[in-house]
Amino acid sequence: MIQIRLHNTLTNDLQPLVPVHPGEVRIYTCGPTVYASAHIGNFRTFMFQDVLRRFLKSQGLRVLQVMNVTDVDDRIIQSAAAAGIGIREYTDKYIRAFVEDIDALHIQMPEELVRATDHIEDMVALIEKLQAKGLTYTSEGSIYFRIAKFPAYGRLSKIDVAGMQAGARVDVDQYEKDDARDFALWKAPKPGEHFWETRIGPGRPGWHIECSAMAMKYLGDTLDIHTGGVDLAFPHHENEIAQSEGATGKQFVRTWLHAEHLIIEGQKMSKSLGNFYTLRDLFARGHKPSTIRYLLLSVPYRRQLNFTEEGIVQARNSTERLRNFVTRLKTAQFPPGSNAENEKRIEKAENDFDAGLADDINTAMALAAVFDLVRDINTSMDRGTFLQQDAPRAVAAMEKFDDVLALLADDDDERLAKLGFSPQKARMAAAEVEALIEERQAAKKRRDFKRADEIRQKFADSGILLEDAKDGSVRWKYK
RNA sequence: GGCGCGGUCGCCAAGUGGUAAGGCAAAGGUCUGCAAAACCUUUAUCGGCGGUUCGAUCCCGCCCCGCGCCUCCA
């Protein structure tokens, strides 16, 4: 099997992936905080994780991925209170929307999608473990992690903790801490606030403890891979390490993978700049799920992705090229026989595709391998050297690529409909299309080009694309 | 100030110590009744200045520029 190498933030270099449990890769993914709809930047990160897990699976590895949903934090508590509903009810709708969104993008559901509020007991138990080891202290009912007791702190983010201490911009929380670097494991309830009554007192979990508790519960003390956006490396992931390794004494994560951010038209995405998009904003503007998927996965994850209007157009056209190619493979007529040259060419593409992804999930390289094949096979078809037996083989290769890319299925309208977006134009029924095509063919045959062109115009008005093939047959599709 | 990512064809974006993948766009062409669509072909010397080297876009140093993190954040 091909050696997969990944860029580990912890060591800042490329390392071979060697799963703790042979044949199975266990991944923890920092999921969304469900106080609002996820934005396109979130999906950049989730898209990376999807490509990663799909690739691992395509290599015959089992994947056990856990993604958390943070359904309790300050914003959620405040927003829910403002709406006059419980936090569970408040977050339910955003979780539902999130699941719909990732489905629309063909992002696979992790094996476990877990909510923080379902794991309060696990967090309490973990905090108790840390207490027993003397790594915590209590102040005004809140429990903090004492970083001074964990010398490895800062290794992941290469943060100079001493400098942090001296720095001016320390976290001025409402809580009392011994040291500005310390972080809350458990927060005492404020008046009127939602809280849990537990063995360690009333309150609610700090943000970081949920990930440590849930990751280890489902994946064991040492995970193969932990992913998230670059912004999470510090302090979130750093704190996860402190909590987990503080409790177990074992290495928490072997490989840390951090996805770079997405920016919009060269600028940081922010609500104040008015360039803050949810997925549905983009769908409402007429962009297809597959276009967004292509755009998000086409740029390797460790590179900032500049999300632009022009980029969307390019992504849409590129996706079309791929789909057109497969359509041609499936519908065109080829001379009988098979050609070993084509087989060789296809195998090369398969190898290049895997090699690209094995190299730290280099999607640009993988896509290049696919497009190289598209061009070469098209050429072979044009030259008549592509034969009948070659077609299913080429289709199989494209489908194999699509196990990872998930771009070929022409189901955009369906997926949009699920989210309540209807196609702009009423669709002409397929039977009607076929009938009109036949009529047009007949008109052409008797050289009644006026009538033929009328029909063609009618199709254009209905958003239907005609393709007159070389052999006289006609292919068509909805735009 | 510290840490990190990046500056390669009009746009997006790989890559390698020995003279640059791929996609989009553009131009030319094939096909066509004419078109469209589809397909083919063509198009860069790699931010700047030094250094190492027989040879650097790729190694080292300095500089310039963009973005991010260092406080909640994918």
Side-chain angles (χ1 to χ4, degrees), chain A residues 9 12 29-33 35 38-49 73-75 154 157-164 167-173 180 207 227-236 238 258-263 266-270 294-295 298-300 302-322 324-325 327-328 332 352 356 359 362-375 377-379 381-383 444 447-449 452-453 456-457 459-460 465-472 474-477 479:
Chain A
T9 309
N12 198 27
T29 291
C30 282
T33 301
Y35 68 100
H39 57 254
I40 187 65
N42 292 311
F43 291 112
R44 196 279 161 101
T45 304
F46 298 136
M47 188 61 73
F48 154 61
Q49 290 150 175
D73 80 338
D74 289 328
R75 287 165 302 192
S157 50
K158 285 95 186 162
I159 281 266
D160 177 6
V161 285
M164 249 179 85
R169 299 163 71 200
V170 293
D171 179 19
V172 188
D173 211 332
W207 172 36
T227 68
V230 276
D231 54 301
L232 293 185
F234 185 88
H236 183 55
E238 200 70 69
H258 289 101
E260 260 298 339
H261 276 183
L262 172 152
I263 56 177
Q267 288 185 299
K268 182 178 178 168
M269 178 170 52
S270 77
Y294 184 98
L295 182 50
S298 63
V299 178
R302 293 213 301 132
R303 174 185 264 265
Q304 263 181 198
L305 192 161
N306 190 10
F307 192 87
T308 64
E309 280 299 328
E310 192 174 351
I312 291 174
V313 172
Q314 296 178 5
R316 195 213 320 129
N317 292 341
S318 301
T319 306
E320 277 304 302
R321 179 170 163 87
L322 258 20
N324 288 332
F325 174 65
T327 302
R328 187 178 184 192
D352 290 349
D359 183 9
N362 190 331
T363 48
M365 258 167 87
L367 283 171
V370 178
F371 282 109
D372 274 335
L373 180 70
V374 170
R375 187 196 55 237
I377 295 298
N378 270 322
T379 303
M381 289 193 268
D382 286 349
R383 288 181 182 157
K444 279 172 72 173
R447 304 192 68 78
D448 180 359
F449 297 123
D453 290 350
R456 187 162 72 195
Q457 186 57 43
F459 280 136
L465 223 59
L466 285 193
E467 264 180 64
D468 292 333
K470 218 174 194 169
D471 58 18
V474 181
R475 284 194 294 269
W476 64 276
K477 65 183 176 185
K479 240 179 201 163

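Convention: sequence-line order gives letters A, B, ...; per-chain numbering from 1.
- An OP1 or OP2 oxygen of B:C69 is reached within less than 4.0 angstrom by a side-chain nitrogen or oxygen of A:Lys268.
- One donor-acceptor pair, N or O on each side, does fall under 3.5 Å between the base of B:C34 and the side chain of A:Arg456.
- Mapped onto RNA chain B by nearest heavy atom, A:Thr379 and A:Phe449 fall at different nucleotides, with A:Phe449 at the one closer to the 5' end.
- One finds no side-chain N or O of A:Arg375 lying less than 4.0 angstrom from the OP1 or OP2 phosphate oxygen of B:C40.
- Distances shown here put a side-chain N or O of A:Thr33 below 4.0 Å from the OP1 or OP2 atom of B:A74.
- Taking atom CG on A:Asn42 and atom C1' on B:C73, their separation rounds to 9 Å, with Å as the unit.
- Judged by atom type and distance alone, A:Gln314 reaches the base of B:G23 through a side-chain donor-acceptor pair under 3.5 Å.
- In the set B:G23, B:C40, B:A21, B:C40 carries the atom at the smallest distance from any side-chain atom of A:Asp382.
- Distances from the side chain of A:Ala452 to the nucleotides B:G33, B:C11, B:A74 place B:G33 closest.
- Closest to the A:Arg303 side chain, of the nucleotides B:C5, B:G33, B:A14, is B:A14.
- One finds no side-chain N or O of A:Trp476 lying less than 4.0 angstrom from the OP1 or OP2 phosphate oxygen of B:A37.
- For A:Asn324 and B:C39, the shortest distance from a side-chain N or O to OP1 or OP2 is not below 4.0 Å.
- To the nearest 0.5 Å, atom CE of residue A:Met269 and atom CZ of residue A:Phe307 are 9.5 Å apart.
- Nucleic acid contact class of A:His236 (heavy atoms, under 4.0 Å, all strands): none.
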For this session: List the steps and the verdict of side-chain contact (heavy atoms from CB on, under 4.5 Å) for A:Gln49 and A:Thr45.
Result: CA-CA 6 Å; A:Gln49 290 150 175; A:Thr45 304; 3.5 Å; yes
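- The distance from atom OG1 of A:Thr29 to atom CZ of A:Phe48, rounded to the nearest 0.5 Å, is 8.5 Å.
- OP1 and OP2 of B:A14 both lie 4.0 Å or more from every side-chain N or O belonging to A:Asn362.
- Using a 30° and 60° split on the angle between ring planes, A:Phe371 and A:Tyr294 fall in the perpendicular class, above 60°.
- Residue A:Asn378 has its side chain nearest to B:C40 when only B:C70, B:C40, B:A13 are considered.
- Look at NE2 on A:His261: it is 17 Å from P on B:G4, rounded to the nearest Å.
- Both A:Asp453 and A:Val313 sit near RNA chain B, but only A:Val313 has its closest nucleotide nearer the 5' end.
- A:Arg321 has a side-chain polar atom (N or O) that falls below the 4.0 Å cut-off from OP1 or OP2 of B:C40.
- Rounded to the nearest 0.5 angstrom, A:Leu322 CG and A:Leu367 CG are separated by 7.5 Å.
- Using a 5.5 Å limit on the distance between ring centres and a 30° limit on the angle between planes, the aromatic ring of A:Phe371 does not count as stacked on the six-membered base ring of B:G23.
- A:Leu232 comes within contact range of the sugar-phosphate backbone alone, with a heavy-atom separation under 4.0 Å but no base atom that close.
- A:Leu262 comes within contact range of at least one nucleobase, with a heavy-atom separation under 4.0 Å.
- Looking at heavy-atom distances under 4.0 Å, A:Ala259 makes no contact with the nucleic acid at all.
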